[in-house]
Amino acid sequence: MHLSMHNWMRSEPIETTIARLAKYGYKSIEISGEPEKYDPKHVRGLLDHYGLDCWGSVTLMVGGRNMQSGDEGVRASSVQYVKDCIQLVSDLDGQILTLVPGEVGKITPDSTPENEWGWLVDGVKEIYEVAEAKGVRVGIEPLNRFESYLITRAEQALALCDAVGPNLGVVLDAFHINIEEANLWDAIQLVGPKLVDFHVAENNRMPAGYGDYDWQRVVSTLEGIGYDGALTAEFVAPVDRTPANKYPNALETNFDGLDIDPDQLKFIIDHGSSILTEEYYDWLVKVNSETLLPLITK
């Protein structure tokens with residue numbers, strides 16, 4: 001296993017993020033699903049310079065992107081968006097794509113379970129064919145019930161795998177499975193060889209080491225199912241606006257040089273966070289590495 005990290009949690013130049021990851025021992029990045037934002041040749045050059053890889057990408061299902069929508073046009077544009085993300089991964093010599101099928105934060109269905117399941121299966125089949133041709137493995141990520149409603153548990157993601165194709169996999173997120181699975185360790189073992197990626201965050205969505213997870217047990221359980229991919233950091237540090245705040249330097253007040261899409265800003269705020277200062281964000285990246293790196297390099 002190796003350490004990787006998403007970069008959607010703070011809007012900053014990709015040059016800054018990649019340099020920071022290299023500084024703290026990360027081996028790869030799971031780049032935000034923003035195909036229009038990145039020049040693959042430039043990003044590939046940065047990764048080569050710092051000795052990092054692109055592990056893959058993650059779909060950002062905001063702004064109405066929704067593969068289980070009751071609107072045919074929304075479904076079609078969402079499928080095309082995911083195809084564009086697959087192309088980005090391919091251009092960066094990445095290996096995986098984390099696919100969140102529904103719009104994050106949408107918790108009310110558009111239609112019957114049968115209709116939505118059928119739409120989702122059809123869309124993922126179309127994506128699956130493109131991914132297979134590009135050599136990119138897609139993993140379906142269940143989210144908790146407060147962020148989604150159709151795919152919230154590992155067994156549901158596995159049912160989608162059964163309906164689509166043998167190489168479709170599952171992505172598990174430590175934060176989500178802590179909420180939705182009756183036994184999170186059993187969920188990891190249930191997914192087994194279909195595990196494509198493992199997202200790292202504490203029970204409170206802080207970086208590893210700042211909650212109550214037994215990370216040694218996490219690593220041992222992943223080793224037990226033969227997983228040898230990335231531990232991908234996806235902490236979303238809450239912003240405390242009360243006198244109980246332990247991190248008074250967390251909230252960014254100077255937005256010079258930060259170019260963030262309004263939908264992405266809403267996405268971050270809806271996750272209980274906000275734009276974090278570079279100092280605080282750097283500390284989060286560092287402590288996550290300090291907790292996990294000794295466990296996978298022993």
Side-chain angles (χ1 to χ4, degrees), residues 1-6 25-30 53-59 89 94-101 124 127-128 131-132 135-145 147-148 150-203 205 207-209 211-235 288-298:
M1 279 177 273
H2 72 276
L3 288 188
S4 187
M5 197 183 83
H6 293 281
Y26 292 76
K27 298 301 182 184
S28 71
I29 187 170
E30 189 168 335
D53 294 317
C54 173
W55 173 238
S57 185
V58 57
T59 59
V89 174
Q95 298 183 43
I96 67 100
L97 176 74
T98 293
L99 172 58
V100 175
V124 176
I127 289 162
Y128 180 78
E132 288 290 281
V136 175
R137 192 173 186 202
V138 176
I140 304 297
E141 182 183 4
L143 302 187
N144 72 74
R145 73 191 70 183
E147 297 183 53
S148 189
L150 194 59
I151 304 291
T152 61
R153 302 191 315 277
E155 63 180 343
Q156 297 168 332
L158 288 169
L160 186 57
C161 293
D162 290 342
V164 172
N167 207 35
L168 185 66
V170 178
V171 174
L172 294 180
D173 183 301
F175 176 76
H176 297 302
I177 63 176
N178 183 65
I179 296 172
E180 293 298 339
E181 301 292 348
N183 185 304
L184 62 92
W185 314 107
D186 288 349
I188 294 171
Q189 292 171 340
L190 177 67
V191 173
K194 284 194 171 291
L195 187 63
V196 171
D197 193 17
F198 192 82
H199 294 174
V200 173
E202 282 285 1
N203 61 297
R205 223 160 191 182
D212 71 356
Y213 253 105
D214 180 347
W215 291 104
Q216 179 62 72
R217 186 177 179 186
V218 171
V219 169
S220 297
T221 304
L222 292 172
E223 289 174 341
I225 64 169
Y227 180 69
D228 193 32
L231 298 179
T232 305
E234 194 180 22
F235 47 76
N288 186 78
S289 173
E290 289 174 342
T291 299
L292 294 176
L293 202 55
L295 301 179
I296 60 176
T297 58
K298 60 182 185 300

Could you pull out the closest heavy-atom pair between [X] and [Y], with the gap in Å?
X	Y	result
V170	C161	CG2-SG, 4.0 Å
R137	N167	NE-O, 2.9 Å
I140	I151	CG2-CG2, 4.1 Å
L168	Y128	N-CE1, 3.3 Å
L99	P101	O-CD, 3.5 Å
L143	S148	CB-CB, 4.0 Å

Working for side chain to side chain contact (heavy atoms under 4.5 Å, CB included), residues F175 and V200
CA-CA 7 Å; F175 176 76; V200 173; over 6 Å; no

Please examine the side chains of [Y] and [X], heavy atoms only from C-beta on, and report whether any two atoms are closer than 4.5 Å.
X	Y	answer
H2	S28	yes
M1	F198	no
L195	L222	yes
Y227	V219	no
K27	W55	no
D53	Q95	no
E147	H176	yes
R153	R145	no

If only atom types and distance count, is the side chain of [X] paired as donor or acceptor with the main-chain N or O of [Y] below 3.5 Å?
X	Y	value
N288	A208	yes
Q189	I225	no
E181	A154	yes
K194	G139	no
N203	D212	yes
Y213	A201	no
T59	V100	yes

Test side chain to side chain contact (heavy atoms under 4.5 Å, CB included) on V138 and V196; report intermediate values, then the result.
CA-CA 7 Å; V138 176; V196 171; over 6 Å; no

To the closest 0.5 Å, what do you measure between [atom1] ([X]) and [atom2] ([Y])?
X	Y	atom1	atom2	result
L184	I179	CG	CD1	11.5 Å
D186	T221	CG	OG1	9.5 Å
I296	L3	CD1	CG	4.0 Å
S4	I29	OG	CD1	7.0 Å
D197	T232	CG	OG1	3.5 Å

Test of understanding: with ring pair (Phe, Tyr, Trp, His ring centres under 6.0 Å), list the residues that count as partners of H199, not counting sequence neighbours.
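So H199 forms a ring pair (Phe, Tyr, Trp, His ring centres under 6.0 Å) with H6.
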
Worked verdict on E180 versus Q156 for side chain to side chain contact (heavy atoms under 4.5 Å, CB included)
CA-CA 12 Å; E180 293 298 339; Q156 297 168 332; over 6 Å; no

